[in-house]
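We use all heavy atoms of the structure for the numbers below, so side chains are in, but hydrogens, waters and symmetry mates are not. FYI, the numbering just counts along the sequence from 1.
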Amino acid sequence: MDSESSINTLVSSPLAGIPPGKPWSTATKQPSEPLQPSGPPPEPWVALRLGPSPATQCDGHYEPVTRVRLSDLPLSVHSQYGPIVRAIQRGSPATAFRDLVDNFDAHHTTAVRDVCRAFDLASDAGRMLMTSLFVAAVQKYVFGAGAAKEAIRTSVPACIGIPAFQFTSHFGLPLTATHASVNLFNCSNPDEFTGDPADLHVNFTVSGREGEVWFYKIHIAIEITLQQGLAPILALLPEPGTPPVPRLPTTTARSDSCHVPSDPMQDPNTILEEDIKCTAEELHAALDALMHSLEASTALLRRMPIGCSAVEFWNEIRPGLSGYNNAGVFPGGLRVEGTDIVITSKGGSAAQSTSIQLVDVLLPVPHVPHAALFLQEMRMYMPAAHREYLERIERLNTIPLLERLVTNRFPHSDALRNAHAACRAALTSFRKAHMGLVHTHVLHFISKQTPGAGADAPGHALSNDSVGPSEPASPRVIIKTDHVNGNRGTSNTDPITILGQIIEDTVHAPALPPSQPAGLLHTTTGFAKWRVWRDNSWRALLAIAGLASMAYIAQV
């Protein structure tokens, strides 16, 4: 068997099973057409138990950031890929790193086969660490020293491309710098976080710069904080996979098993507020915890400029978070040499955070169609287990449970309504702080690029007025032209349109109805009950008076 056929055999092995609808394709198909396998993904393509997965019994537990230490890296990775691992850890210059990878015997399949076998036998933490490592290696090799077009490679050697593709596929992720691969799978001590992101330790970066380390630390800290804030609310909900309290539909409908009632209230599988057992105090404490976690996350986001300057992010960090769907730079996508693998995925985005989308689902915050479609697309860039967990909570929340608990079970509680409104206000502040970072770290530099600057950069230049005030860069600092993303975000979207709309949706989410005054006389139902009680009492008094009169007459 020759070398190329050996590599193709590796690619077609069970580890390379590809779920449908993912942003990758093969060279034999159009770049925009996702690879559609003929059947279900072959084993061992199963989602690891980061949350619920088809291969495990769901316990309702959601833990986005996992403890992943360098000691979890299998020994065979060190023995076969030791120089590459050390180069990533040390932040070697891009040119030296590329030379190292190019000199690696890409057609010698032993190393690739050994590392894939090690992945299959590794612990969950080891698999996450290997995924983060090889994604960082691919991003570093492709984007090199920045976003200058001449510095970008449009193909990646098989020695790092095949492992990266197979490992990300295992988690249901595309091969790109996703929120999961650079943040969730990339921290060695999330259990030691006490509020200061400086205490966290990041394993791998693309650029090797301290600003990138700080960028990841802030996002990891936000995930841990939101996880802590979501836990009390998620604990109130029935565990995903637990059937609701049995009840009969309230209308006569078709009796066939395929019928789904158009009204969720009539669906016996819908979770209603009576399925949730909690007191007003417990619900208030859960809402308070969520609100405080959102406020703490906003404070963390505002600390970003302390360790990650706008110029450093634009010049050195942003390119490494980019994807491969810009046809002007990657005609047909990113190719893995010696194989038919072509990657056309987008880059990283904050919308790939399952925690943020969980907050949207639980409050809830409805989005207009184009924003909702973008958020739905970003779910395909989440680990499969996280995506499934989010979708299960969404199915449980067909009828907004928090809203119904507040308005139906505790209709007289102003405190609960205020706590719910405070959560939405805190989410709005968080998203506005995110928009502020987008202005200072991205849009400010886009506005400095004239339409003629960077002939290969797509789109148009924005005026300073359209992005708001920002600190001008020092004239001694060279601002690089971004040939990968142009005037769009790393997920290839217009940040003003999408993020601005998401903020608008959050601000204008329907408010809860006002509380009902306590007391029977102040509600229609209460007044009716009072009238019945009055009439019955009056009849009882008349009956007692009649009996007393009869007794008196009998004695006389």
Side-chain angles (χ1 to χ4, degrees), residues 10 15-16 48 50 65-94 96-98 100-102 104 106 111-144 156-190 200-209 212-213 215-217 219-220 317 320-321 334 336 341 343 345 347-348 383:
L10 284 173
L15 258 180
L48 294 184
L50 311 178
V65 184
T66 305
R67 178 174 175 168
V68 179
R69 295 197 166 187
L70 290 175
S71 57
D72 296 316
L73 203 63
L75 292 176
S76 58
V77 178
H78 288 289
S79 62
Q80 296 285 5
Y81 286 84
I84 292 178
V85 175
R86 290 189 291 273
I88 292 288
Q89 287 180 296
R90 295 170 181 171
S92 297
F97 180 76
R98 283 174 171 172
L100 175 65
V101 174
D102 289 337
F104 196 93
V112 177
R113 183 180 290 109
D114 286 352
V115 77
C116 290
R117 186 180 295 116
F119 181 90
D120 195 26
L121 300 175
S123 64
D124 290 358
R127 290 173 174 178
M128 295 176 199
L129 189 64
M130 293 171 73
T131 301
S132 180
L133 167 64
F134 280 91
V135 168
V138 169
Q139 295 292 110
K140 188 178 186 73
Y141 183 89
V142 171
F143 293 104
V156 63
C159 62
I160 58 175
I162 289 177
F165 176 76
Q166 292 187 338
F167 301 166
T168 52
S169 297
H170 176 85
F171 287 99
L173 293 167
L175 173 48
T176 190
T178 59
H179 176 64
S181 64
V182 302
N183 294 319
L184 306 186
F185 295 178
N186 199 22
C187 181
S188 64
N189 61 338
L200 296 172
H201 182 269
V202 172
N203 293 312
F204 305 118
T205 63
V206 177
S207 67
R209 302 181 68 92
E212 185 177 359
V213 173
F215 182 81
Y216 294 163
K217 285 183 176 183
H219 284 88
I220 295 168
I317 301 171
L321 301 174
L334 176 72
V336 178
I341 300 172
I343 310 299
S345 50

Taking side-chain contact (heavy atoms from CB on, under 4.5 Å) as the test, write out the residues that go with R69, two or more places apart. R67, S71, D72, S188, E192
Salt-bridged, R117 to D120, with N to O below 4.0 Å? no
Just verifying a value: how many Å separate H201 NE2 and N186 CG, rounded to the nearest 0.5 Å? 9.5 Å
Can you check whether S132's main-chain N or O pairs, donor with acceptor, with S181's side chain at less than 3.5 Å? no
For the side chain of T168 and the backbone of A164, is there at least one donor-acceptor N/O pair under 3.5 Å apart? yes
Closest non-hydrogen atom pair between S76 and S79, with its separation: O-OG, 2.9 Å
Does any part of the side chain of V115, heavy atoms only, come nearer than 4.5 Å to the side chain of Q80, both counted from C-beta? no
The reported gap from CZ in F204 to CZ in F134 (rounded to nearest 0.5 angstrom) is 9.5 Å
Short side-chain to backbone donor-acceptor contact, S345 and L175, under 3.5 Å: yes
Please report the interatomic distance CG(L129) to OG1(T66), rounded to the nearest 0.5 Å. 11.5 Å
Sub-3.5 Å donor-acceptor pair from the side chain of H219 to the main-chain atoms of F215, do we have one? yes
Using a 4.5 Å cut-off on heavy atoms from C-beta on, say whether the side chain of Q89 contacts that of L70. yes
Criterion side chain to side chain contact (heavy atoms under 4.5 Å, CB included) against T178, the qualifying member of T131, L184, L173: L173
Are there more than 12 heavy atoms of other residues, nucleotides or ligands under 6.0 Å from atom CG of L75? no
For V202 versus V213, what's the shortest heavy-atom pair and its separation? CG2-O, 4.0 Å
Any side-chain heavy atom of N203 sitting closer than 4.5 Å to one from V68? yes
With no hydrogens and no angle check, is any side-chain donor or acceptor of Y81 less than 3.5 Å from a backbone partner on C159? yes
Taking the side chain as everything from C-beta on, heavy atoms only, tell me whether I343 gets closer than 4.5 Å to P174. no
Non-hydrogen side-chain atoms of F119 and H170 separated by less than 4.5 Å: yes
Could you state the interatomic distance from CZ (F185) to NE2 (H179), rounded to the nearest 0.5 Å? 10.0 Å
Does T176 reach the side chain of V135, with side-chain heavy atoms less than 4.5 Å apart? no
Interatomic distance, L200 atom CG to N183 atom CG [nearest 0.5 angstrom]: 10.5 Å
Under 3.5 Å: donor-acceptor pair, side chain of K140, backbone of G208: no
Any M128 side-chain heavy atom under 4.5 Å of F171 side chain: yes
Looking at NE2 of H78 and CG of L73, how far apart are the two atoms once the value is rounded to the nearest 0.5 Å? 4.0 Å
